[in-house]
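Whatever order the structure lists them in is the order used to number ligands and atoms, beginning at 1. Quick note: residue numbers are just sequence positions, from 1.
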Amino acid sequence: MMRITIRPFQEVRLLARPSRILRPFSSAARTLGTAETDTSVSSSSTASSSSRIGRISESLIRPSPTPHVSATEDKTTVSWPDGRTTTFDNYFLFDHCRCPKCFHSKTKQRLKELNQIPDDIRPVAVEVDNSGVHLSWSTSEEHKSTFPFEFLRRSAYDPPLSSYRDATEGRVLWNSKIAQSPPSVVYEDIIRSDDEALKSERAILKLLNRVHDFGFCFVNNVPATPEKTQELIEKIAPIRHTHYGGFWEFTADQSHGDLAYSNEGLPCHTDTTYFTDPAGLQIFHLLSHPSPPGTGGTTLLVDGFYTASLLSTLYPTSYSLLSRLRIPAHASGTEGTMLRPPLSQPAFRHDEKGQLTQVRWNNEDRGVLGQGWSAEEVKGWYQAARRYDELNKSEDAEYWVQLGPGTMLVIDNWRVMHGRSAFTGARQMCGAYVGADDWSSRRTALTKKHEIRKKSILDDDWSVGW
Ligand SMILES: C[N+](C)(C)CCCC[C@H](N)C(=O)O
Ligand SMILES: O=C(O)CCC(=O)C(=O)O
């Protein structure tokens, strides 16, 4: 392990290749001293606090894939073997230390407060080996952090290393042709005997991965009863309770002041746009709709990410307006329920990397537009909305499927829109919502437990909090 002791204000470059010998220095704090050349690795060289004279001892080191690491008063720079360089604020690195003083390894919580980080925190020693970068800090008490290369690659922000896997990994955008081979799993893989709990979990993970990748997935061979449907849903993830209840059964009985409780057709939409946090999963199981004599009641699915990508390509200005202008939504049709989130949101929301993460699209529940908008924005929004609507209603985008007893449909309500054709006759539907964070947590936890983890994946303490 190569150990370099550095002094404040001293740029240090740790060489991954024996091409140069570091210019060692010995100096009092705060100034650069005259250099002494020392080509032997001084095993005795130890991290020095800022009060002691430090020495750089460096020698030719074997070529290795480890990066160069250099630290100055406020930044630590990592020069990767592929030639890319990323820089970290020393405050950021110290804040992300995972040593026992800074991070509770069981609760995965940060222990160090911001006011416990000295404003001028900086490394006083840098070591690099195959396990990562080891920084000794300028704190009064000895404090050392070890950063896996994987953490530094993934957390890089100056600049970001976009090669890192992100939330869109595995995502498949689809159009009406998905009808040829829609994603599905079978009930028996999930509901198993108690001694097959691990197989059941792997089947649930397969379902949730398909929901992540396609935005929906069928579960076939489900017993057509509310009880078995509820049991299955609760096995997958916790049910989210709303003003409609937890597990719900509904029919055209106007029991709620909402068109879903009628026999009207419903254009493609996402649900609960009137919640600050719209439902993550929308799950349906059509228990009964004798047809004949009943008619209609066919389910519509549209990949809102697919049509958003078309809009972005065809009408980038419209995409931008739907990504920026906030739309109030409300649910006001049921006695005692007047839902209207305090913070309206735009139709398209993106994550920190600019990836489309949520589509909120519901014409029926849309409120009064234009508050705080300009006249041009009002006009522009309607043009953009009509363009998006046209794409959603196109033959290319619409996937019509007739549900029936035995087939449960799990929808990512942040991405895939659903609707139905008008119907006649007695139609019994049941299902539930699951919170967005809840199904994401379930999928991540099952992935961690069941997927063979490539050694480059971050270990426990570093894999959380992204
Ligand atoms: C699913 N369930 C029938 C219980 C409620 C349906 C709510 C429909 C509402 N317009 C919305 O889009 O959220
Ligand atoms: O009845 C259906 O098939 C769907 C109803 C619906 O769109 C909803 O509950 O949001």
Provide the number and element of each atom of ligand 2 under 4.0 Å from a heavy atom of Met429. 2 (C), 3 (O)
Check if His269 has a non-hydrogen atom at a distance under 4.0 Å from any atom of ligand 1. yes
In ligand 1, which numbered atoms sit nearer than 4.0 Å to a non-hydrogen atom of Tyr261? 2 (N), 3 (C), 4 (C)
When you measure from atom 3 (O) of ligand 2 to every protein heavy atom, which one gives the shortest distance, and what is it? Arg427 NH2, 2.8 Å
Under 3.5 Å: donor-acceptor pair, side chain of Asn413, backbone of Val416: no
Looking only at side chains, do Asp195 and Ser193 share a donor and an acceptor under 3.5 Å apart? yes
Protein residue, atom and distance nearest to atom 8 (C) of ligand 2, heavy-atom basis: His418 NE2, 3.6 Å
Going by the atom numbers of ligand 2, which of them fall below 4.0 Å from some non-hydrogen atom of Arg420? 1 (O), 2 (C), 3 (O), 5 (C)
Is there a polar contact, in the sense of an N or O pair closer than 3.5 Å, between Tyr244 and ligand 1? no
Provide the number and element of each atom of ligand 1 under 4.0 Å from a heavy atom of Ala260. 6 (C)
Exactly one candidate in Arg210, Met408, His212 meets side chain to side chain contact (heavy atoms under 4.5 Å, CB included) with Cys217; the answer is Arg210
Please work out whether any backbone atom (N, CA, C, O) or any side-chain heavy atom from C-beta onward of Asp258 is under 4.0 Å from ligand 1, and answer side chain, backbone, both or neither. side chain
Under 4.0 Å to a heavy atom of Leu266 - the qualifying atoms of ligand 2, by number: 5 (C), 6 (C), 7 (O)
Does the side chain of Thr298 come under 3.5 Å of the side chain of Gln402 through a donor N or O and an acceptor N or O? yes
Between Asp365 and ligand 1, which part of the residue brings a heavy atom under 4.0 Å of the ligand: side chain, backbone, both or neither? side chain
Suppose we measure from atom 4 (C) of ligand 2 to each protein heavy atom; which comes out shortest, and what is that distance? Phe284 CZ, 3.8 Å
Does any N or O in the side chain of His450 come within less than 3.5 Å of the main-chain N or O of Leu446, such that one atom is a donor and the other an acceptor? no
Do the side-chain N and O atoms of Glu364 and His269 include a donor-acceptor pair separated by under 3.5 angstrom? no
What atoms of ligand 2 come within less than 4.0 Å of a heavy atom belonging to Ala260? 9 (O)
Using a 4.0 Å cut-off to any heavy atom of Gln282, which atoms of ligand 2 qualify? 8 (C), 10 (O)
Do His243 and Thr337 have side-chain atoms, one donor and one acceptor, less than 3.5 Å apart? no
Could you measure the distance from the CG atom of Leu391 to the CG atom of Leu311? Nearest 0.5 Å is fine. 6.0 Å
To the nearest 0.5 angstrom, please state how far the OG atom of Ser155 sits from the CG atom of Leu93. 7.5 Å
Can you see whether Tyr306 engages Asp396 through a side-chain donor-acceptor pair at a distance of less than 3.5 angstrom? yes
Check each atom of ligand 2 against the heavy atoms of His269 and keep those under 4.0 Å away; list them by number with element. 7 (O), 10 (O)
Of the side chain and backbone of Thr242, name the one, both, or neither that has a heavy atom under 4.0 Å from an atom of ligand 1. neither
For Thr272, the ligand 1 atoms with a heavy-atom partner under 4.0 Å come out as 11 (C), 12 (O), 13 (O)
Checking the N or O distance criterion of under 3.5 Å, is ligand 1 in contact with Thr273? no
Before giving the answer on salt bridge (charged side-chain N to carboxylate O under 4.0 Å, His left out), spell out for Glu150 and Arg153 the whole-Å C-alpha distance, their side-chain angles and the decisive distance to 0.1 Å. CA-CA 5 Å; Glu150 202 68 19; Arg153 265 191 284 271; 3.4 Å; yes
